[in-house]
Amino acid sequence: MDKENLWQAVLAQIQFNISPANFSTWFKSTEIFDKQGRIVWVSVPNAFSKEWIENKYCKLILKILHNLDEEIKEVKYCVGKTSSKAPREKEMTSLPVFGQLEFQEFKIDKETNLNPRYTFENFIVGSFNELPHAATMAIIKEPGLIYNPLFIYGGVGLGKTHLLQALGNEIVKTFPQKRVKYISSEKFTSEVVSSIRNKKMEELKEKYRTLDVLIIDDVQFLAGKEKTQEEFFYTFNALYEKNKQIIISSDRPPKAISALEERLKSRFEGGMTADISYPDFETRMAILNFKTQERKINLQEDVLSYIATNIQKNIRELEGALNRLVAYQKLNNQTPNLEIAQSLLENLIISPIKIINPKKIIQVVIDFYDLKEKDIIAKSRKKEIVKPRQIITYFLREELKCSYPFIGKKIGGKDHTTAIYSYEKIKKEINKNENFKNEISLIKQKIYS
């Protein structure tokens, strides 16, 4: 594979692992300018981009390169050493990748932060997401008057961002006079910090409290950021009181965001809460068929079935697998059959056996609830400590079949009867509380990821 096609293959996979805004910011003017044995040299436009890509994306880039070419063991970056064929910024509107598949840099709207690539036309609806989808359809008709706020939660790669941005784009199209803003919670936090530092808080308040629709993604990252939570709380109230629409996403339900203020959790739960679960086989096949039609390619049904059967929990990974087959078809002028597909996708589908041990379970649970291990082994009877402690007990018993005396020692030297009580309590709560069941399911996903 030559340098240009190799880098385009990398970009195609990176595109499905990071947000469109980040992709456009950091990868727009990059290329491989040299490959020397096991080392690949990547050129970047400036020193800031070099530092950011090295710190944030180096492992991802190396992993993708190594999967495409096992000889590659190292990636190095330099500023400005681009070849004469490197595309200029004005030429970057559409980069051809793998024949019919085009990697496009869609222009993010500066006013709304919305990406036009996200629409309802290319959003596949199935049993796993029909409730949040139905809620967004209702909101489009009367923003601010129904399902306000709308809180959507679910695992990584299941389409939360797509749904949120499609909703924003549709509102802009239907109500062009309305002021709509999409923002990630990390970006919102950054703006709050910058406004405090530069003494421009009034400008920030004016910017957000005069919106008609506020869409905030990955709200769980506000946990532990007290000043940002305070500003968001007042912004939320200001918008809500004027019947302005608020849409929020998270990787977990409001109650499970432990370091989030109770007043914010209460606001989130006051509207409509809907989860996106894993797509079933039929929906995964529908997604793959839609993507192949979109890219005007033909793959055998048994190839698509193989992908849908083996990649079950992440829509982005489905698209990544499809991209790899499209790349093969372009480079070899041959449509991959099942045998070739199995070989090409081996690294994606056959993952190493996950080693689950007590330490992993404890770490996942304390991370999920933003605690420290010392909190779990302390004698505290606070609800926010007791609940995670009981959940650890449940997983140690349910997943590893640990003895109750062993579990008691792991959670701070508790008596085995305490461990028995904790296990039974969580088990009963799962059976009678659907929201709590979903919370436990999310934790289990993280334990085995």
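We count residues from 1, following the sequence as given.
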Under 3.5 Å donor-acceptor, [X] side chain and [Y] backbone:
X: Asn198; Y: Lys200; answer: no
X: Gln245; Y: Gly144; answer: yes
X: Asn148; Y: Leu145; answer: no
X: Ser185; Y: Asp218; answer: yes
X: Lys141; Y: Ala138; answer: no
X: Asn169; Y: Tyr118; answer: yes
X: Trp7; Y: Thr30; answer: yes
X: Arg397; Y: Cys402; answer: yes
X: Thr210; Y: Glu206; answer: yes

Please say whether more than 12 non-hydrogen atoms of neighbouring residues, nucleotides or ligands are located less than 6.0 Å from [atom1] in [X].
X: Lys437; atom1: NZ; value: no
X: Gln312; atom1: CD; value: yes
X: Tyr147; atom1: OH; value: no
X: Lys291; atom1: NZ; value: yes
X: Lys205; atom1: NZ; value: yes
X: Phe123; atom1: CZ; value: yes
X: Tyr240; atom1: OH; value: no
X: Lys409; atom1: NZ; value: no

Look at [X] together with [Y] and state whether they make a salt bridge at an N to O cut-off of under 4.0 Å.
X: Lys387; Y: Glu439; answer: yes
X: Arg252; Y: Asp275; answer: no
X: Lys59; Y: Glu54; answer: no
X: Arg389; Y: Asp375; answer: no
X: Arg179; Y: Asp212; answer: no
X: Glu111; Y: Lys181; answer: no
X: Arg209; Y: Glu231; answer: yes

Are [X] and [Y] packed together at the side-chain level, in the sense that at least one heavy-atom pair is separated by less than 4.5 angstrom?
X: Phe236; Y: Pro149; value: yes
X: Leu163; Y: Thr136; value: yes
X: Pro143; Y: Lys178; value: yes
X: Ile183; Y: Glu191; value: yes
X: Lys255; Y: Asn435; value: no
X: Ile315; Y: Ile124; value: no
X: Thr235; Y: Leu204; value: no
X: Ser250; Y: Ile257; value: yes

Dump the intermediate steps for salt bridge (charged side-chain N to carboxylate O under 4.0 Å, His left out) on Glu319 and Arg316, then the final yes or no. CA-CA 5 Å; Glu319 297 192 52; Arg316 283 199 207 118; over 6 Å; no

Criterion side chain to side chain contact (heavy atoms under 4.5 Å, CB included) on Arg284 and Ile311, from CA distance to verdict: CA-CA 9 Å; Arg284 297 196 297 274; Ile311 300 178; over 6 Å; no

Can you see which heavy atom on [X] is nearest to which on [Y], and at what distance?
X: Ile392; Y: Ile361; value: O-CG2, 4.3 Å
X: Pro254; Y: Thr273; value: CD-CG2, 4.3 Å
X: Tyr423; Y: Glu398; value: OH-OE1, 2.6 Å
X: Leu371; Y: Pro388; value: CD1-CG, 3.6 Å
X: Ala223; Y: Asp370; value: CB-OD2, 3.8 Å
X: Ser277; Y: Leu158; value: O-CD1, 3.5 Å

Steps toward salt bridge (charged side-chain N to carboxylate O under 4.0 Å, His left out) verdict (Asp251, Lys446): CA-CA 11 Å; Asp251 67 349; Lys446 293 178 182 294; 3.5 Å; yes

For Tyr278 together with Phe128, are the ring centres under 6.0 Å from each other?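 No, they do not, as the ring centres are separated by 6.0 Å or more.
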
So, do Phe188 and Tyr208 have ring centers that fall under 6.0 Å from each other?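 Aromatic pair counts; centres sit under 6.0 Å.
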
Can you see whether Phe233 has Arg267 sitting over its ring - NZ or CZ less than 6.0 Å from the centre and within 45° of the normal?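 Cation-pi check for Arg267 and Phe233: fails.
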
Answer yes or no for Lys265 and Phe268: cation-pi contact, defined as NZ/CZ to six-membered ring centre under 6.0 Å and angle to ring axis within 45°.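 Verdict for Phe268: no cation-pi partner in Lys265.
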
Output, in order, the C-alpha distance, side-chain angles, deciding distance and verdict of side chain to side chain contact (heavy atoms under 4.5 Å, CB included) for Lys244 and Leu211. CA-CA 7 Å; Lys244 305 302 183 181; Leu211 293 173; over 6 Å; no

Working note: Tyr77 + Cys58, criterion side chain to side chain contact (heavy atoms under 4.5 Å, CB included); need CA distance, chi angles, decisive distance, verdict. CA-CA 10 Å; Tyr77 303 88; Cys58 190; 3.7 Å; yes

For a side chain to side chain donor-acceptor pair (under 3.5 Å) check, start with the C-alpha distance between Asn122 and Thr119, then their side-chain angles and the critical distance, and finish with the verdict. CA-CA 6 Å; Asn122 56 21; Thr119 68; 3.2 Å; yes

Evaluate the side chain to side chain donor-acceptor pair (under 3.5 Å) criterion for residues Asp34 and Gln36: first the C-alpha distance (whole Å), next the side-chain angles of each, then the deciding distance (0.1 Å), finally the verdict. CA-CA 7 Å; Asp34 198 11; Gln36 301 174 2; 2.6 Å; yes

Decide yes or no on side chain to side chain contact (heavy atoms under 4.5 Å, CB included) for Lys76 and Ile39, but give the supporting numbers first. CA-CA 7 Å; Lys76 294 187 177 182; Ile39 302 175; 4.1 Å; yes

Strictly by modelled atom types, are Thr283 and Asp280 linked by a side-chain donor-acceptor pair under 3.5 Å?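 Yes, Asp280 and Thr283 have a side-chain donor paired with an acceptor closer than 3.5 Å.
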
With side chain to side chain donor-acceptor pair (under 3.5 Å) as the criterion, how do Ser184 and Asp217 come out once you've worked through the C-alpha distance, each side chain's angles and the decisive distance to 0.1 Å? CA-CA 5 Å; Ser184 70; Asp217 212 350; over 6 Å; no

Out of curiosity, Leu214 CG to Tyr182 OH, how far, rounded to the nearest 0.5 Å?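 Here the interatomic distance stands at 11.5 Å.
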
